[in-house]
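Shown next, in structure tokens, is the structure this report addresses.
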There are 2 protein chains.
Amino acid sequence: MGEIRNAERTRKRILEAARKEFFEKGYTGARIEAIAVNADVKKQLIYHYFKGKEELLVAVLDQMTVELPEWTTQFPSDPVHTAEHRFQVNCQTRMDFLKFTVWEALEEQPQQNSRKKRRTEALQSYVDDMKSKQEAGLVPEDLDPELLTLAISALTTYPLIFGDVTKMVTGSEPTDPQFQEKWSKFLTKISARIFGKDDFMNE
Amino acid sequence: MGEIRNAERTRKRILEAARKEFFEKGYTGARIEAIAVNADVKKQLIYHYFKGKEELLVAVLDQMTVELPEWTTQFPSDPVHTAEHRFQVNCQTRMDFLKFTVWEALEEQPQQNSRKKRRTEALQSYVDDMKSKQEAGLVPEDLDPELLTLAISALTTYPLIFGDVTKMVTGSEPTDPQFQEKWSKFLTKISARIFGKDDFMNE
DNA sequence: AGTTATACTTGACAACTGTAAAGTTATAAC
DNA sequence: GTTATAACTTTACAGTTGTCAAGTATAACT
């Protein structure tokens with residue numbers, strides 16, 4: 001009505017609304033109608049820009065991976081700080097995306113092969129990093145690098161994903177910066193113990 | 001047709017089919033129709049036994065909590081074995097139920113207050129156990145019992161819930177007994193390090 | 001000015017889903 | 001054996017959801 005036509009802007013608005021909807025409700029739970037309303041667009045217009053629900057999701061995911069900053073793919077030199085670092089990354093780079101990951105694990109989705117490959121590569125790079133640090137003598141010999149990586153994944157995502165558990169156990173919301181700091185320090189502390197740096201246990 | 005009428009058996013069949021469906025698909029994802037087919041029953045018959053979808057879920061959940069064995073609510077005396085114990089419990093007491101817990105965390109469900117209360121109590125009992133063990137000198141003073149409990153929750157559920165991550169990182173399925181044993185031992189190992197029992201680090 | 005490509009709207013529909021209500025058969029009590 | 005109750009079936013419906021096809025308005029190009 002009062003707005004001038006603008007294809008690019010409309011497309012972006014749809015994409016943004018779709019991101020929110022998909023990340024909050026998962027694929028099957030997401031409603032095209034809801035996306036349309038949120039983007040202030042007739043829902044049929046979405047089919048003018050995207051072939052369908054699935055392609056829309058793919059578009060959202062593609063844009064996601066383009067946008068993430070470089071520092072997120074770096075590793076700290078000391079394995080003691082690996083967990084803390086990965087936790088910070090998870091906190092910063094859109095927690096809602098993490099939530100979507102969970103749905104991906106549960107729903108039987110249009111398993112994007114390219115997407116699965118990317119995830120595998122990312123995880124494998126964590127394992128490789130851990131292995132190299134073990135060879136450098138920074139990680140105890142008797143701890144399996146793969147299992148360590150899995151453990152770190154667990155510790156750096158679980159409290160954020162299962163906000164209700166975090167709330168029930170600690171009383172804080174996982175979005176609370178105070179909790180995030182406490183958890184960061186905690187991760188460093190137990191990392192120090194696990195990796196055998198007993199001299200790190202100050203503060 | 002060839003079957004004799006039997007209310008109790010039919011009810012059980014519906015409940016069993018509902019359990020599978022709910023645990024695998026979540027509340028919104030679960031289909032009454034699918035439950036009916038799986039129970040070999042006309043779907044309208046379900047409404048003869050239960051008021052509706054929600055009550056059916058409640059019935060399933062109620063029966064669940066009745067059925068679980070006592071040993072699952074006990075705690076090992078040594079905190080070093082707490083993680084391992086909780087992991088074993090999670091492995092044994094129907095992994096599909098764990099999956100349902102995840103859906104509960106994501107979906108905005110008919111948040112059964114009684115159910116939430118039970119969960120809170122269970123988690124709080126873990127915290128209390130950890131606290132008492134800290135007071136007994138079995139847990140380092142500088143580690144927050146609440147955060148420790150949260151960490152243990154993460155470590156004992158994450159690999160089971162996110163089977164795809166486990167697969168991508170370790171190459172094994174989380175249902176693989178071999179993996180479960182490896183992870184059990186790993187949990188004990190890092191627990192020993194975290195809790196400062198360096199003498200426990202034999203095999 | 002007129003053709004055309006593109007942005008957007010309208011109307012419709014077919015599949016699916018939870019649920020109600022009425023109808024039908026078997027079982028058990030009298 | 002009649003009857004009441006409970007087990008099961010059939011028919012039906014209203015709401016939702018993804019998608020299509022056809023129409024209209026606007027901007028761009030010739």
Side-chain angles (χ1 to χ4, degrees), chain A residues 1-61 100 103 106-112, chain B residues 1-61 100 103 106-112:
Chain A
M1 302 288 181
E3 300 277 359
I4 317 162
R5 290 194 172 187
N6 187 333
E8 195 175 342
R9 190 197 42 177
T10 304
R11 201 189 135 93
K12 259 185 196 163
R13 271 219 305 255
I14 293 175
L15 231 49
E16 170 64 15
R19 192 178 62 85
K20 278 185 189 159
E21 180 74 4
F22 277 129
F23 286 3
E24 195 175 336
K25 307 274 184 65
Y27 180 76
T28 46
R31 298 289 156 228
I32 298 271
E33 178 68 36
I35 295 172
V37 168
N38 217 299
D40 196 28
V41 147
K42 303 280 173 262
K43 79 169 169 176
Q44 285 81 351
L45 184 57
I46 293 179
Y47 290 88
H48 180 251
Y49 286 93
F50 305 93
K51 255 177 50 188
K53 195 179 183 182
E54 188 176 331
E55 202 195 78
L56 181 55
L57 171 65
V58 172
V60 167
L61 256 31
F100 179 77
W103 253 298
L106 296 188
E107 286 177 346
E108 295 144 20
Q109 251 161 207
Q111 265 299 16
Q112 207 65 25
Chain B
M1 299 294 180
E3 299 278 359
I4 316 162
R5 289 195 173 184
N6 186 334
E8 196 176 342
R9 189 197 43 177
T10 305
R11 200 188 137 92
K12 258 185 196 165
R13 272 221 303 256
I14 293 175
L15 231 48
E16 171 65 13
R19 193 178 62 85
K20 278 185 188 159
E21 179 74 3
F22 278 129
F23 285 4
E24 194 175 338
K25 307 276 184 63
Y27 180 76
T28 45
R31 299 287 157 231
I32 298 273
E33 178 67 36
I35 295 173
V37 168
N38 216 300
D40 196 28
V41 147
K42 302 282 174 260
K43 79 169 168 176
Q44 281 76 0
L45 184 57
I46 293 178
Y47 290 89
H48 181 253
Y49 286 93
F50 305 94
K51 253 177 52 188
K53 196 179 182 181
E54 189 176 330
E55 202 194 78
L56 180 55
L57 172 65
V58 172
V60 167
L61 257 31
F100 178 76
W103 252 299
L106 296 187
E107 285 177 347
E108 296 143 21
Q109 249 160 214
Q111 265 299 16
Q112 208 63 25

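Letters A, B, ... mirror the listed sequences (proteins, then strands); counts begin at 1.
- When rounded to the nearest whole Å, the span between CZ of B/R11 and P of D/dC8 equals 13 Å.
- For C/dG11, the paired base is D/dC20 (Watson-Crick or G-U wobble, both distances below 3.5 Å).
- Closest to the side chain of B/T10, out of D/dG18, C/dA7, D/dC8, is D/dC8.
- We find that CZ of B/R31 is positioned 12 Å from C1' of C/dA15, with the value rounded to whole Å.
- A heavy atom closer than 4.0 Å to some atom of DNA chain C occurs in A/K42, A/Q44, A/L45, these being the qualifying members of residues 35-47 of chain A.
- Between the CG atom in A/L57 and the CG atom in A/L61 there is a gap of 5.0 Å [rounded to 0.5 Å].
- Annotation: salt bridge (Lys or Arg N to Asp or Glu O under 4.0 Å) contacts of B/K53 (sequence neighbours excluded): none.
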Under 3.5 Å, N/O pairs linking protein and nucleotides 22-28 of chain D:
from	atom 1	to	atom 2	distance (Å)
D/dA25	N3	A/R5	NH1	3.2

With the criterion being N/O to N/O and under 3.5 Å, what pairs connect the protein with nucleotides 3-5 of chain C, and how long is each?
none

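- The structure places CD of B/E8 at 5.0 Å from NZ of B/K12, a figure rounded to the nearest 0.5 Å.
- The CD atom of A/E21 sits 13.5 Å away from the CD1 atom of A/I14 when rounded to the nearest 0.5 Å.
- Between A/F23 and A/F100, the ring planes lie tilted relative to each other; the angle falls in the 30° to 60° range.
- Remark: P of C/dA26 and NE2 of B/H48 are 16 Å apart, rounded to the nearest angstrom.
- The CG atom of A/L106 sits 10.5 Å away from the CD atom of B/E24 when rounded to the nearest 0.5 Å.
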side-chain contact (heavy atoms from CB on, under 4.5 Å) assessment of A/Y27 paired with A/F22: CA-CA 6 Å; A/Y27 180 76; A/F22 277 129; 3.8 Å; yes
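- As rounded to whole Å, 12 Å separates atom C1' of C/dT27 from atom CG of B/N6.
- If you check every strand for non-hydrogen atoms under 4.0 Å, B/A34 touches nothing.
- With rounding to whole Å, B/I32 atom CD1 is found 13 Å from C/dA20 atom C1'.
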Anything under 3.5 Å between a donor and an acceptor, one on a side chain of residues 31-51 of chain A, the other on a protein residue two or more places apart or in another chain? List them.
from	atom 1	to	atom 2	distance (Å)
A/R31	NH1	A/T28	O	3.3
A/R31	NH2	A/T28	O	3.3

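- The CD atom of A/E33 sits 11 Å away from the C1' atom of D/dG18 (whole-angstrom rounding).
- In this entry the distance linking CG of B/L57 with P of C/dG18 reads 13 Å, nearest Å.
- Annotation: salt bridge (Lys or Arg N to Asp or Glu O under 4.0 Å) contacts of A/R19 (sequence neighbours excluded): A/E16, A/D96.
- Distance, A/I14 CD1 to C/dC8 C1': 10 Å, rounded to whole Å.
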